[in-house]
Structures are given as structure tokens and as C-alpha cells.
**Student:** 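Submitted below is the structure of interest, expressed as C-alpha cells.
When a ligand or atom number is given, it counts from 1 through the structure's own listing order. Bear in mind that the values here come from a model prediction, so they are computed numbers and not experimental data.
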Amino acid sequence: MKENSMYALVFRGHRFFYEVQAVAKIFIPETRFRLCEDGIIPENCQNYIETEILDSRNQIKILHVTISYHNQKKQETREISGDSSQELLEYSLCALLYACLQEITGYQPPWGMLTGIRPVRKVLQELAKNFTPEQACKNLQKQYFISDEKIKLALDTALVQQPILTHDPKQIGLYISIPFCPTRCSYCSFVSHSISTETARKLIPEYIQKLCEEIAILGKIIQEFDLSVQSVYIGGGTPTAISAQQLVQVMQAVQDSIDLGNIREYTVEAGRADTITEEKLQVIHAMHATRISINPQTMQDSVLRTIGRCHTAQQVMDAFLLARDIGFTDINMDLIAGLPSDDYAGFADTLAKIIALDPDSITVHALTLKRSADLYHVPGNISDSRISEIEDMTRLSSQILPEHQYRPYYLYRQKNTIGNLENVGYAKPGKENLYNILIMDETQTILGAGCGASNKIVFPDGNITRVMNYKFPYEYIHDFEKLMQKKQQIMTELEKIR
Ligand code: SF4
């Protein structure tokens, strides 16, 4: 399926440009598509996909798909009679294209034609219509051609989430961003600043000061609108990249400004082992965080070196054991399947080592490569055999982790994830991270402080308004006054659900 050449997508009689492209990308992921809205195949173009909708007599619509792929050709036609909505036409055309691409490429996408990032929501929606779990799965498989393995994963996740999800518009989550890391990992696409340079390090004190001011302002808004904070999540970056004293500053601001009386969880993403010290863990514990995350990504030292993380697997184990000694009873560990230079055996070994540590939750990400990641620019990263190896890694997690009492509790997919795979959070019963569930479910308002943070106001009818903070620390610090004007916008939105 790997394909670097240009593909033409030729459209006639419809405007489902985005949808057709999304289906084509499932099968030909590394390709730049040229969209030919004029319906004309470019001269000398060997690889193209034509999709067409024609009006015929007696309210019959004729759908055509023609694919020219590596000197093979595939053509299919389908008729739709009666009154046909745009929704039905879009679905039918995409399903026809999907079937043709499946046949011509021989590839069976694990998530079928489902391109959305929240498959679990689809299952929850079916369950809300009072379908039995089995019927809900059948409906979705029929519509999207999802494999048995993935629909089971989505259903298992939905069943864990169902009793946890709440829909009280007064309950909110709070996210606090610390966008600094000791160095930048090669696969990273976050807005995070390596503090290996003097210039970046110098930004931190002022950033922390502004962040504390913003937390205090959010505290007032929360009070004014009588909101109740259910979860606090300090993420990044790597929050423990800042000093213990700076962590105290931030967490003190949270304590002073937010009523933590109704809190169900308070997470600090400790992140990389090379930033974790006893002093910082003591601070986090003393300031009432209930959950931390220590993220090895892999327990293979050679892979850690390849991806630019300056710590060893031993440091991860030491940090974990230290955190347990200090009294943390809820620790998450993040892993990535498909890191460069890692293989199935390495991933299986990592999984075994992490299970032996017995954390409370384990999150398994499938490697995602975005343009902003250094690794994106390394040619030849993703062969067909590599995709299938990464599929085997995620399959191993979904088989082994439930055997050790870890249940899948949140699941999301990202664009550019290799093999169209997914990220799955597994947790022991009662250790599911509410914030992760709610951010994916999008049924709870989340207010954010710090750069890159987004304020997401969810209305009872399901509509969402987003107000974004500045992306980079420099503009966050220097345009702070302007940023505060956005708080007015947040208050105007909150007024609607008061
Ligand atoms: S620790 Fe996380 S946020 Fe920081 S550079 Fe690595 S991947 Fe990016």
C-alpha cells in the first residue's frame, strides 16, 4: 500500500471531496492526492480514482467508481432508486469506493471504513438507542465493515465507560499546560520546547508566573458560574521538566484558586524518567495530586537512544518504585507501538517489563507521524511489513493486558497513525482516568490554562464552542493581556449554560 506518487481524485456530479479522499487515504496512506473537481483526468496520469454520480430517469441515481492502480483497473457501478438524500449518496459512493479499493489492493483495514477518531462514541450511540451490545456491534460492522477484533475492543471500552460518564453541565475538567521537555523526542508533534537551550530555559519563570495568574482568573470564572471541578490534569510537555519550586508555584495556584473539594482525580503527567526526582514526587504528592504518569514509551535502551530520550529503562523502573514508596497508588505508564528500531520482540519485552511493575493503568499508543515530527522526514519509515508488525504489537497488548486485569477504558484514533491503528488506555477496575474519558467523549466542559490549552465549552444540546489559547510560550507571555480578553468570550459562552 505504500505509495509515494501523486494520485488524482477525479470528481463528477458530486462534491464529496473530503469523504472520498478519506476513504482513499485508508488504502493509499502516504500519497498526495490531486483533487480534480473539474472531472478531468490529468494528462499522462497513471494512478487515479474517478467517482461519479449521474442522474437517470425515474429518480434513479447511478454511482460509478473507476480505479487505475499500478496498471490494474477496477470499475463498479451501483444504482440507487427512490428519493436519495445527500447523506445516503455520500455513504453509498464511499462504500462502493471502499469495496473497489479493498479488492484491488487486497488490504483489509482493521477499522474498515470508519475514519472518525472516536469509534467508542459510535458504540455508545447505538447502546443509547437500546440496542443490545451484540446488535450494536452488528449494526456498526454492517455499516463500516469493522473487523471482529476492533469492534470487540470498541465495545469492551464502551461498556467500561458507560457507568463512568456523567452529563452534568456544571461539572467541568481543568487542564494546565507546561509545554517544556528536557529534549525533543524524534516522533514528537506536540508544541513542546526543549529546555536544553538557555533561551528556552529563560522563558520558564515568566511562563510559570503568567500561568499562575491565568489559573487564578479561571478560578474566579469557575466560582462566578458555580461550576464544580471534577478533574485536574497538569500535562505538557513534561510538567516535571520544571523545578520542584516551580511545581510548588503551579500547584499552589491550583490549591488557592480552585475548590478541590469535589475533585475525583488530580493528575500530574510526570512523563520522562530523566526529569523525575524524589523532591518533585514529594511535592506532587504533598499537594494532593492523586495520579501520576511515568511514561517510558519503551523499555529498550537502544530504542530510547534512537528516539532521543535521555534516560534508560532502569531509570524508569527506579522512578516508578520511588513513586510507589512515596505513596502514589495510581500510576499510569504510556507505551508506543512502532517506535523506530523497535520490533515485535522488543515491544513484547517492554510490555512484560511494564506488567511486572504492576502500574494501575497502561496506555498503548500506535506511532503517529505528523509533519511537525522530526521522524516524519526520515524516508522509508513505513513499509507494508512494518505496518503489519505494528498491528501485531497492538494486538498483543489487547490480548495480554486484559489477562492481567487491565480493561480498555478509552480509545481514540488520530490522523497519520500508522496502519490506521488506535491508542488505547487500559486500566485496572476503578483506576480509569476520568479526564481521558471525558475529553474523548466531549460531553464535559474543559477549561484550560497555559499555552496550547483549549477551552471547550459543551452545551446541553451537544454543541461545542472552543476558545484556544496561544500556541507558543513566547506569545503566551507577551500577549497575555490579549489572551485575557478571550476570557470574556469564555464567560459569554458560559452565561448560556448558567
Ligand atoms: S516527552 Fe512527550 S511532549 Fe516531550 S518531546 Fe517527548 S513526546 Fe514530545
**Student:** I need the atoms of ligand 1 closer than 4.0 Å to a non-hydrogen atom of Arg184, numbered in the order shown.
**Tutor:** 5 (S)
**Student:** Output the list of atoms in ligand 1 that are nearer than 4.0 Å to some heavy atom of Arg309, sorted by atom number.
**Tutor:** 1 (S), 6 (Fe)
**Student:** Any chance the side chains of Arg305 and Ser341 put a donor and an acceptor closer than 3.5 Å?
**Tutor:** no
**Student:** Strictly under 4.0 Å, does any heavy atom of Asn295 approach an atom of ligand 1?
**Tutor:** no
**Student:** Can you list the ligand 1 atoms lying under 4.0 Å from a non-hydrogen atom of Thr238?
**Tutor:** 1 (S), 4 (Fe)
**Student:** Strictly under 4.0 Å, does any heavy atom of Gly237 approach an atom of ligand 1?
**Tutor:** yes
**Student:** Using non-hydrogen atoms of the residue, decide whether Gln297 is closer than 4.0 angstrom to ligand 1.
**Tutor:** no
**Student:** How long is the gap from CD on Gln489 to CD1 on Ile457, to the nearest 0.5 Å?
**Tutor:** 7.5 Å
**Student:** Heavy-atom contacts with Cys188 under 4.0 Å: which atoms of ligand 1 show up? List them by number with element.
**Tutor:** 3 (S), 5 (S), 7 (S), 8 (Fe)
**Student:** Between the main-chain N or O of Pro359 and the side-chain N or O of Tyr406, is there a donor-acceptor pair closer than 3.5 Å?
**Tutor:** yes
**Student:** What are the atoms of ligand 1, with element, lying closer than 4.0 Å to any heavy atom of Tyr187?
**Tutor:** 7 (S)
**Student:** Under 2.8 Å from atom 8 (Fe) of ligand 1, is there an N/O/S atom belonging to Cys181?
**Tutor:** no
**Student:** Going by the atom numbers of ligand 1, which of them fall below 4.0 Å from some non-hydrogen atom of Thr183?
**Tutor:** 5 (S)
**Student:** Might you check, step by step, whether the distance between atom 5 (S) of ligand 1 and some protein heavy atom is under 4.0 Å?
**Tutor:** yes
**Student:** Checking Ser361 side chain against Ala427 main chain: does a donor-acceptor pair fall under 3.5 Å?
**Tutor:** no
**Student:** Between Tyr476 and Phe480, is the gap from one ring center to the other below 6.0 Å?
**Tutor:** yes
**Student:** Is Asp330 salt-bridged to Lys428, cutoff N-O under 4.0 Å?
**Tutor:** no
**Student:** Let me see the working for Arg201 and Phe180 under side chain to side chain contact (heavy atoms under 4.5 Å, CB included), right down to the final yes or no.
**Tutor:** CA-CA 9 Å; Arg201 266 199 305 275; Phe180 302 103; over 6 Å; no
**Student:** Hey, can you tell me if Phe145 and Tyr98 have their rings parallel, tilted or perpendicular (30° and 60° cut-offs)?
**Tutor:** parallel
**Student:** Is atom 6 (Fe) of ligand 1 under 2.8 Å from any N, O or S atom of Cys185?
**Tutor:** yes
**Student:** So which protein heavy atom does atom 1 (S) of ligand 1 come closest to, and at what separation?
**Tutor:** Arg272 CD, 3.3 Å
**Student:** Side chains of Gln300 and Asp349: donor-acceptor distance under 3.5 Å anywhere?
**Tutor:** yes
